[in-house]
2 protein chains.
Amino acid sequence: MATNTAASLQPPLDTQAWLNGVRSAWQRSGLRITGPRLRVIETIVSYHAPFSAEQLYTDLCAHNEAPGRATVYRTIDQLHESGWLARIHGATGEEGYVPCHPGHLHHLVCTKCGQVMSFEGCNLEELLARIAAETGFSVEGHLLQLFGRCANCQNTLP
Amino acid sequence: MATNTAASLQPPLDTQAWLNGVRSAWQRSGLRITGPRLRVIETIVSYHAPFSAEQLYTDLCAHNEAPGRATVYRTIDQLHESGWLARIHGATGEEGYVPCHPGHLHHLVCTKCGQVMSFEGCNLEELLARIAAETGFSVEGHLLQLFGRCANCQNTLP
DNA sequence: GTCACTGCAAAAGGTTTGCAACGGA
DNA sequence: TCCGTTGCAAACCTTTTGCAGTGAC
């Protein structure tokens, strides 16, 4: 039943590949590649931790030619809906976005530095089957996110 | 290694027990039991789906003697921090609260009617160990939520 | 009587919207 | 040229805050 028995770790985001992926996705969908949009995605790949919409806008404002607030929000929405941006739920409630490739992924978040790693294959089949049997629910989806300390942050103080 | 091999399903929320639990928790912590707070928790147990702060305030306003907005928000914060209210992440991004008993729980949300069931014991030890080994992270916590259709909603149209 | 709690009203913060001008394809 | 995109500014919605009065214990 489970064809995917091992969790497969994703390599850290290749920013060049991500930028290219977004550009060609835009092209394929007939969306226009404009200066403001490019500035948005270039700033996104510069982050090493989840970011918020307002933070992205503020950072863009610190440079010349910042896009308007509306453009930033609209571009984020687009990327999120097409799967190029994942929503991250912080361990303490904050929300943020992280660049990723479209597909079913889970995230592992460092609670110290914010670094995020992705993995797919979560082996929940057994649990889901049991829950379904016990509750009568038909389980259709799930949200799984892990929190911890990355290798670099394990030996540092809080 | 895994001492907890079966997921244990929680019975549906016993509203009387929840109300009593909250009251005695307040008492134990030296918090005062006031009219406005009681009106808040009584409205909370009347819900059958996750609710937002503003929705709770609005519903309270529809009756006499509604607490002020600040009181509603402050009471929600308190209940959330002490574990009597769980944050629910909707399948499509909306956030909400659901009454629950303090402890480590996961939630199963009906995407049609919003009904929420809780369970504990998620058997993730193996997955967590593998991820830890592959990434060098020390995994310290996780967020797991399931989405599906409850027994009542399975045979109804979208 | 004391001190935590409350309500109000204002401020703060984040996000969305309408619309005229702009500019990729 | 055409139509999607942009920027602006205002509107909107949710949440937070300060403070004087109130009320639980």
Side-chain angles (χ1 to χ4, degrees), chain A residues 19 22-44 47 50-82 84-85 87-90 92-97, chain B residues 19 22-44 47 50-82 84-85 87-90 92-97:
Chain A
L19 288 169
V22 170
R23 293 182 65 136
S24 48
W26 280 347
Q27 227 150 21
R28 253 179 288 124
S29 326
L31 297 174
R32 292 180 183 166
I33 296 173
T34 66
R37 279 183 181 162
L38 288 174
R39 264 168 262 137
V40 168
I41 62 175
E42 272 154 21
T43 303
I44 287 177
Y47 290 122
F51 63 90
S52 69
E54 199 60 19
Q55 179 187 348
L56 177 52
Y57 174 64
T58 305
D59 292 343
L60 280 159
C61 284
H63 297 78
N64 294 332
E65 314 251 354
R69 203 190 296 270
T71 300
V72 174
Y73 277 86
R74 289 189 274 231
T75 305
I76 288 178
D77 274 0
Q78 234 162 44
L79 292 172
H80 182 226
E81 258 150 46
S82 52
W84 293 95
L85 229 40
R87 181 129 222 168
I88 297 294
H89 307 280
T92 48
E94 346 75 72
E95 306 279 314
Y97 296 97
Chain B
L19 288 169
V22 169
R23 293 183 65 135
S24 48
W26 280 346
Q27 227 150 21
R28 254 178 288 124
S29 326
L31 297 174
R32 293 181 183 166
I33 296 172
T34 64
R37 280 185 180 160
L38 289 175
R39 264 168 260 134
V40 168
I41 62 175
E42 271 155 22
T43 303
I44 287 177
Y47 290 122
F51 63 91
S52 70
E54 199 60 20
Q55 178 188 348
L56 176 53
Y57 174 64
T58 305
D59 291 344
L60 280 159
C61 284
H63 298 76
N64 294 333
E65 312 250 355
R69 204 191 294 270
T71 299
V72 175
Y73 277 87
R74 290 188 274 232
T75 305
I76 288 179
D77 273 2
Q78 232 162 47
L79 293 172
H80 182 226
E81 257 149 48
S82 53
W84 293 96
L85 228 40
R87 181 130 222 166
I88 297 293
H89 307 282
T92 49
E94 343 76 70
E95 307 279 316
Y97 296 97

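Quick note on labels: first sequence line is chain A, next is B, and so on, each numbered from 1.
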Nearest-neighbour nucleotide for the B:Arg32 side chain, D:dG7, C:dT2, D:dG4 considered
C:dT2
Please give, in whole Å, the distance from [N] [atom2] to [X] [atom1]?
X	N	atom1	atom2	result
A:Gln55	C:dT15	CD	P	11 Å
B:Glu94	D:dT14	CD	P	14 Å
B:Arg87	D:dT14	CZ	P	13 Å
A:Tyr73	D:dA11	OH	P	18 Å
A:Ile33	C:dA25	CD1	P	6 Å
A:Asn64	D:dG7	CG	P	14 Å
B:Phe51	D:dT15	CZ	P	12 Å
A:Asp77	D:dT5	CG	C1'	15 Å

Between A:Glu94 and A:Thr92, is any side-chain donor less than 3.5 angstrom from a side-chain acceptor?
yes
Yes or no on side chain to side chain contact (heavy atoms under 4.5 Å, CB included) for A:Tyr57 and A:Thr43, after CA distance, side-chain angles and deciding distance?
CA-CA 10 Å; A:Tyr57 174 64; A:Thr43 303; over 6 Å; no
Assign each of B:Ala70 and B:Gln27 to its nearest nucleotide of DNA chain D by heavy atoms, then name whichever residue's nucleotide is nearer the 5' end.
B:Ala70
N or O in side chain of B:Thr34 less than 4.0 angstrom from D:dA24 OP1/OP2
no
Tell me which of B:Gly35 and A:Ala53 sits closer to the 5' end of DNA chain C, going by the nucleotide each one is nearest to.
B:Gly35
Has B:Arg39 got a side-chain atom pairing as donor or acceptor with B:Ala66's backbone, closer than 3.5 angstrom?
no
Closest non-hydrogen contact found for B:His80 with B:Tyr97 is CG-CE2, 4.0 Å
If you count heavy atoms of other groups shown closer than 6.0 angstrom to CZ of A:Arg87, is the number above 12?
yes
Would you kindly check whether a donor in the side chain of A:Arg37 faces an acceptor in the base of C:dG24, or vice versa, at under 3.5 angstrom?
no
If you go through the side-chain atoms of B:Arg74, does one of them form a donor-acceptor pair with the base of C:dG7 closer than 3.5 Å?
yes
